[in-house]
Amino acid sequence: MGKQANIFFIFFYLMKIFLVASPLNSSTDEHSLLAIKSHIITSDPNNILATNWSLGTNFCTWIGVTCSRRHPRVTTLNLFNMNLQGTIAKEIGNLSFLSYLNIRNNSFNGAIPYEIGNLRRLHKVQMSFNQLSGEIPLSFGLLTNLKVLSIQGNHLTGAIPWSIFNISSLQEIALTLNQLYGTLPAGMCYHLPKLESLYLSSNHLSGNIPTSLSACSQLKILSLSYNNFSGAIPMQMGNLSQLQLLHLGSNKLSGMFLDIIS
Ligand SMILES: *[C@@H]1O[C@H](CO)[C@@H](O)[C@H](O)[C@H]1NC(C)=O
Ligand SMILES: *[C@@H]1O[C@H](CO)[C@@H](O)[C@H](O)[C@H]1NC(C)=O
Ligand SMILES: *[C@@H]1O[C@H](CO)[C@@H](O)[C@H](O)[C@H]1NC(C)=O
Ligand SMILES: *[C@@H]1O[C@H](CO)[C@@H](O)[C@H](O)[C@H]1NC(C)=O
Ligand SMILES: *[C@@H]1O[C@H](CO)[C@@H](O)[C@H](O)[C@H]1NC(C)=O
Ligand SMILES: *[C@@H]1O[C@H](CO)[C@@H](O)[C@H](O)[C@H]1NC(C)=O
């Protein structure tokens, strides 16, 4: 009896360790995907997700889903060009193995869920050309492995959260064609040593172009046109030796441009 009790004790103890150590598992992934599906009111006549993403089948075979080779955990969610309409379920934040999210060119609306900041393995976020609104969640700053953040062509408002400029792994920031306001932080480039592309055109950004831009020494593409930037074009930009494309037009800038491109 005592021995049996011990075995039960050990069993429950191990269960407890297991549950504490891995609160999110593959059944969480299935639950998360079904939550994502339930927030999509698709206008797609083929109803791809409705028929393909069905309970009781292996979610690693669902269209747009790729799992890790070693575990049945979702690593890629690739739902671009699918004419999907709806919101992004906050349960997406439970896909804890996700490294690549692509929902480009659909009709997702509403806010980007704050829970996306839980996805610490994310390398690439591609959400361009949807109807997403609200502010860019501050929680993006928690994505310390992020290389590409692309949310162009949406209805995003508010300021660009400064936390984004702290993600030192970033190579591309693309926020063109939104309704973003506010200024760029003076030290915006102090923590972006790998940034190669910065697309911020066609927003309502204002204030000076930060002199710290020269610290983004790998910049190849800098696109700031169609905003409300003012003041002088910083001389320090002449140090951006990798620069291939520079769009500054349709702002309120002044300065001796020829000195910079010389
Ligand atoms: C979903 O589509 C994929 C690719 O076409 C296919 O391999 C898979 O069997 C489908 N699953 C279901 C449940 O229809
Ligand atoms: C966007 O997706 C639709 C299908 O939903 C496709 O017909 C169209 O060509 C796509 N546009 C681009 C620019 O990829
Ligand atoms: C998943 O996400 C939702 C909403 O963010 C949350 O309520 C839930 O507790 C999470 N965890 C699991 C295991 O589903
Ligand atoms: C950026 O990182 C620095 C040091 O790592 C930290 O002190 C600062 O609070 C961070 N700023 C933001 C806006 O996250
Ligand atoms: C720039 O600022 C002016 C004056 O505040 C405003 O009327 C105009 O709409 C702004 N332009 C953009 C592109 O935000
Ligand atoms: C360019 O960089 C050099 C060396 O890093 C520095 O001495 C110089 O002041 C910089 N020039 C500008 C205009 O920032």
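As the structure lists them, so they are numbered: ligands from 1, and atoms in each ligand from 1. Please read all numbers here as calculations on a predicted model, not as lab measurements.
- Note on residues 179-242: pairs passing disulfide (SG to SG under 2.5 Å), not counting sequence neighbours, are Cys189-Cys216.
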Report all side-chain donor-acceptor pairs from residues 167-175 shorter than 3.5 Å, counting only partners two or more places apart or in another chain.
{"residue": "Ser169", "atom": "OG", "partner": "Thr144", "partner atom": "O", "Å": "3.2"}
{"residue": "Ser169", "atom": "OG", "partner": "Leu146", "partner atom": "N", "Å": "3.2"}
{"residue": "Ser169", "atom": "OG", "partner": "Leu146", "partner atom": "O", "Å": "2.6"}

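- A donor-acceptor contact closer than 3.5 angstrom links the side chains of Asn78 and Asn102.
- Of the listed residues (Leu180, Asn251, Asn228), the one carrying the non-hydrogen atom nearest atom 2 (O) of ligand 5 is Asn228.
- The nearest protein atom to atom 4 (C) of ligand 5, hydrogens excluded, is given as Lys252 NZ, 4.2 Å; this is a heavy-atom distance.
- Inspection of the Thr75 and Ser99 side chains reveals no N or O donor paired with an N or O acceptor under 3.5 Å.
- Annotation for ligand 5: atoms under 4.0 Å from non-hydrogen atoms of His204 are 12 (C), 13 (C), 14 (O).
- More than 12 heavy-atom neighbours from other residues, nucleotides or ligands sit within 6.0 angstrom of OH on Tyr100.
- Each of the following atoms of ligand 3 lies closer than 4.0 Å to a heavy atom of Glu115: 5 (O).
- Once rounded to the nearest 0.5 Å, the distance linking NE2 of His31 with CG of Asn94 reads 8.0 Å.
- Heavy atoms of Gln179 found under 4.0 angstrom from ligand 5: none, in either backbone or side chain.
- Using a 4.0 Å cut-off to heavy atoms of Asn94, the atoms of ligand 3 that qualify are 1 (C), 2 (O), 3 (C), 8 (C), 10 (C), 11 (N), 12 (C), 14 (O).
- The Thr28 neighbourhood of ligand 3 comprises atoms 12 (C), 13 (C), 14 (O), with distances under 4.0 Å to a heavy atom of that residue.
- Within 4.0 Å of atom 11 (N) of ligand 5, at least one protein heavy atom is present.
- In the model, Ser96 has a side-chain atom that pairs as donor or acceptor with a side-chain atom of Arg73 under 3.5 Å.
- For atom 7 (O) of ligand 1, the closest non-hydrogen atom of the protein is Thr61 O, 4.3 Å.
- Interface atoms of ligand 1 facing Thr57, defined by a heavy-atom separation under 4.0 Å, are 13 (C).
- Ranking the protein heavy atoms by distance from atom 13 (C) of ligand 1 puts Asn52 O, 3.4 Å first.
- If you number the atoms of ligand 5 from 1 as listed, the ones under 4.0 Å from a heavy atom of Asn203 come out as 13 (C).
- A distance of 5.5 Å separates CG of Leu213 from CE of Met188, quoted to the nearest 0.5 Å.
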